[in-house]
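Below you'll find the structure I mean.
Letters A, B, ... are given to chains in the order of the sequence lines, protein chains preceding strands, and every chain is numbered from 1. The basis for the numbers below is simple: all heavy atoms, side chains too, and nothing from hydrogens, waters or symmetry mates.
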Amino acid sequence: MSTKAKEEQNTAESILADIAIKAQLADYSPIKGCMVIRPYGYAIWERIKEILNKMIKDTGHENAYFPMLIPESFLQKEAEHVEGFAPECAVVTHAGGKELTEKYVLRPTSETIINHMFSKWIESYRDLPMKLNQWANVVRWEMRTRLFMRTSEFLWQEGHTCHATWDEAQQETLTMLDCYKTLLEKYLAVPIHTGKKTQSEKFAGAEATYTIEALMRDGKALQAGTSHNLGQNFAKAFETQFTNDQNQLEYVYQTSWGVSTRLIGALIMGHHDDVGLILPPEIAPYQVVVIPILKKNKDNTEILEAAKTINNELQAAGIRTKLDDRVTISQGHKFNEYEQKGVPIRLVIGPRDLEEGKLEVHRRDIQSKEKDIPRDGIATRLQKLLAQIQKEIWQRAVDYRTEHTTIVKSIEEIETALDKPGGFARAMWNGDVALEKILKDKFKATIRCMPDDKELDASQHPCVLSGESSTNNVEILVARAY
RNA sequence: CGGGAUGUGGCUCAGCUUGGUAGAGCGCUUCGCUUGGGACGAAGAGGUCGUAGGUUCGAAUCCUGUCAUCCCGACCA
């Protein structure tokens, strides 16, 4: 069977796994549902961290670290929270060769332990706002796992903030959602809808959950990040109180927000083709790979020097590069390797190019190759090309989403839309939870969010459930999701 | 936890029906020859066939238990 035929019969799941493995982003671990993030995959994560960490700090947050082990009793303090997370918690029962009197939970998220500390640290409105973030791993024992999209242990960033007023907490919730939007759209080139989750889809313990929802190339939606207004729920459970400027004791208003290594899953399923991964230049660990055409057992000094010089020149211009000067691997192998890894540009220099002062430039996203690119001014040229590639990858993703979004007026139309173009169905809804049950039971779909971007006229467009139009109805995006 | 499938060198798998003591391709090592898109040739290294027991003169193969993984459902960033 040809490779192409194999690709076509692959399910979305195996596309994800194939690319993750072949691009050497990750590998399976001996532990069920866990994965090893390999250097190239981790480099993408580091790039995400680098960008987001700056945004987090620029918006007035500080990084800290809280322990991985949480006393089991902490989880139980917030009713909705324990109900939501208990089934997927891994619990430590023994340590130091003895059974523990109180079991420890491997954090599925850190609201509880952080609140425990907040309640010690916060006394007065003068201590507020307190805005912390931690980069950490969390463990959620999932029944079914997929590389990057859902693993039992994953890396993420979790922000936790305390405020003196509800309004301020709400503002914080939306500010961080906006940071996520920027990260996804400007850097990962993944268009997202921001919006609010329905009651049934919100975070266990939150007052309201806001989400960034992306669309993958297999037509499924992906919750790529969330930001929660926690209200005073955890504050009450942990007695996180402060004295306000009227000398009255009050519970703090809190938020929490996070994005995870799932973002790498979003990159994989958002940008790929039959060959493998396609990385947007802004997020690529290296934007250009320089490959000299080398001859084994011959003097390659001249060509290697030329490659190094170009490599340095590109780096001096602020381009992230990798020079692959391995003599033991044929260039054909290298070409293939970097295409699977999605490196945006491949720059090839061989003896002929050296003589003629030219280079070969290959664009990964559209698999185009141009020979005889002038050696002079290469850095400037590639900078422009990288910007153009970023823009075009983004535009293709936007177009894809537009083509896979259907405006619907009835439940029947939702079903058709989910099957035919796939992707999002945009509708009006009167808020009756019966719809969520129908979607889930019949179509395996969910209301992804009530989007901030509105396209429908509530007074004209009927509710998919009742068929009636009302200005009380809300606009929703429905999709099958990861 | 239900339903289905699979465990054999690093990887993908054949061999099992009909028991006779382990193979192929890829990868790896060395040498030679090559080199502008995954080269070729030769020589080599590497497996107590998931695991425990049973049947048998003899088990990768048959039987039973067990563990693990994958797929389909119920849960989820």
Side-chain angles (χ1 to χ4, degrees), chain A residues 1 3 6 10-14 17-18 21-22 27-34 83-89 107-109 136-158 180 197 200-204 206 209-214 221-228 256-266 275-276 291-298 300 303 326-340 346-356 358-362 367 369 371-372 440-441 444 446 448 481-482:
Chain A
M1 190 188 297
T3 309
K6 272 184 191 166
N10 273 349
T11 59
E13 282 73 21
S14 60
D18 272 9
I21 299 292
K22 282 184 187 156
D27 205 346
Y28 292 103
S29 87
I31 304 295
K32 175 181 165 59
C34 293
E83 192 189 334
F85 281 107
E88 51 190 281
C89 281
R107 63 179 163 221
T109 179
N137 58 339
V138 285
V139 172
R140 298 182 186 177
W141 217 254
E142 301 292 349
M143 294 174 183
R144 256 180 90 194
T145 55
R146 286 169 188 162
L147 292 177
F148 290 111
M149 292 300 192
R150 179 169 298 106
T151 47
S152 294
E153 179 190 9
F154 57 92
L155 304 183
W156 78 345
Q157 137 300 294
E158 51 180 324
Y180 292 160
K197 285 285 186 184
S200 63
E201 293 282 327
K202 76 171 173 58
F203 174 72
T209 290
Y210 299 84
T211 179
I212 49 171
E213 291 288 325
L222 181 76
Q223 178 175 311
T226 46
S227 185
H228 317 289
S256 69
W257 26 273
V259 292
S260 69
T261 37
R262 173 180 265 193
L263 290 180
I264 298 173
V275 179
I291 300 181
I293 301 295
L294 303 174
K295 317 281 181 188
K296 206 174 168 184
N297 303 330
K298 283 186 186 163
N300 293 307
I303 200 80
R326 290 175 296 176
V327 189
T328 48
I329 308 291
S330 73
Q331 70 273 4
H333 251 103
K334 293 179 184 176
F335 294 173
N336 194 253
E337 179 183 334
Y338 295 110
E339 283 170 25
Q340 289 185 336
R346 177 176 70 229
L347 192 62
V348 177
I349 176 161
R352 287 207 294 275
D353 301 308
L354 195 59
E355 270 179 38
E356 298 165 14
K358 292 177 175 169
L359 298 164
E360 181 184 296
V361 174
H362 172 269
Q367 292 285 59
K369 186 157 71 178
K371 299 184 181 195
D372 304 331
K440 188 176 179 182
D441 294 347
K444 292 179 188 174
T446 46
R448 300 314 301 160
Y482 270 89

* How would you label the contact of A/His362 with the nucleic acid (heavy atoms, under 4.0 Å): base, sugar-phosphate, or nothing? ->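 Base: the residue A/His362, judged by heavy atoms under 4.0 Å, touches a nucleobase.
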* B/rG37 base / A/Glu339 side chain donor-acceptor hit below 3.5 Å ->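 Counting by modelled atom types and ignoring angles, a donor-acceptor contact under 3.5 Å is found here.
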* To do: Take atom C1' in B/rG15 and the same atom in B/rC49, then report the distance between them in whole Å.
  =>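 The same atom, C1', in both gives a distance of 10 Å.
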* Can you check whether any acceptor in the base of B/rG37 is under 3.5 Å from a donor in the side chain of A/Lys369, or vice versa? =>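 Yes, a donor-acceptor pair under 3.5 Å.
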* **Carboxylate-amine/guanidinium proximity below 4.0 Å for A/Glu356 and A/Lys371** =>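 No salt bridge links A/Glu356 with A/Lys371.
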* Asked: Sequence neighbours excluded, which residues qualify as ring-ring contact (aromatic ring centres under 6.0 Å, His included) partners of A/Phe148?
  ->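 In terms of ring-ring contact (aromatic ring centres under 6.0 Å, His included), with neighbours along the sequence ignored, A/Phe148 is linked to no residue.
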* How about A/Arg107 and A/Thr109: does a side-chain donor come under 3.5 Å of a side-chain acceptor? ->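 Per modelled atom types, A/Arg107 and A/Thr109 side chains form no pair under 3.5 Å.
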* Indicate, with a heavy-atom threshold strictly under 4.0 Å, whether A/Phe154 touches base, sugar-phosphate, or nothing. =>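 Counting heavy atoms under 4.0 Å across all strands, the contact made by A/Phe154 includes a base.
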* From CD1 (A/Ile349) to CD1 (A/Ile303), nearest 0.5 Å ->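 Output value for this atom pair is 5.0 Å.
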* Looking at A/Lys197 and A/Glu213, does any basic side-chain N land under 4.0 Å from a carboxylate oxygen? ->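 The answer is yes: the pair qualifies as a salt bridge.
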* Could you work out the separation of B/rA68 and B/rG25 based on their C1' atoms and round it to a whole Å? =>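 One C1' to the other, the span is 26 Å.
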* **Helical stems, RNA chain B - three or more consecutive Watson-Crick or G-U wobble pairs below 3.5 Å** =>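 RNA chain B stems, ordered by first number: B:1-7 with B:67-73, B:10-13 with B:23-26, B:28-32 with B:40-44, B:50-54 with B:62-66.
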* What interatomic distance, in whole Å, is found between P of B/rC63 and the corresponding atom of B/rU17? ->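 Going atom to atom, P in each nucleotide, I get 9 Å.
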* Asked: Base, sugar-phosphate alone, or nothing: which one does A/Glu142 contact when heavy atoms must sit under 4.0 Å apart?
  ->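 Base, at least one base heavy atom under 4.0 Å.
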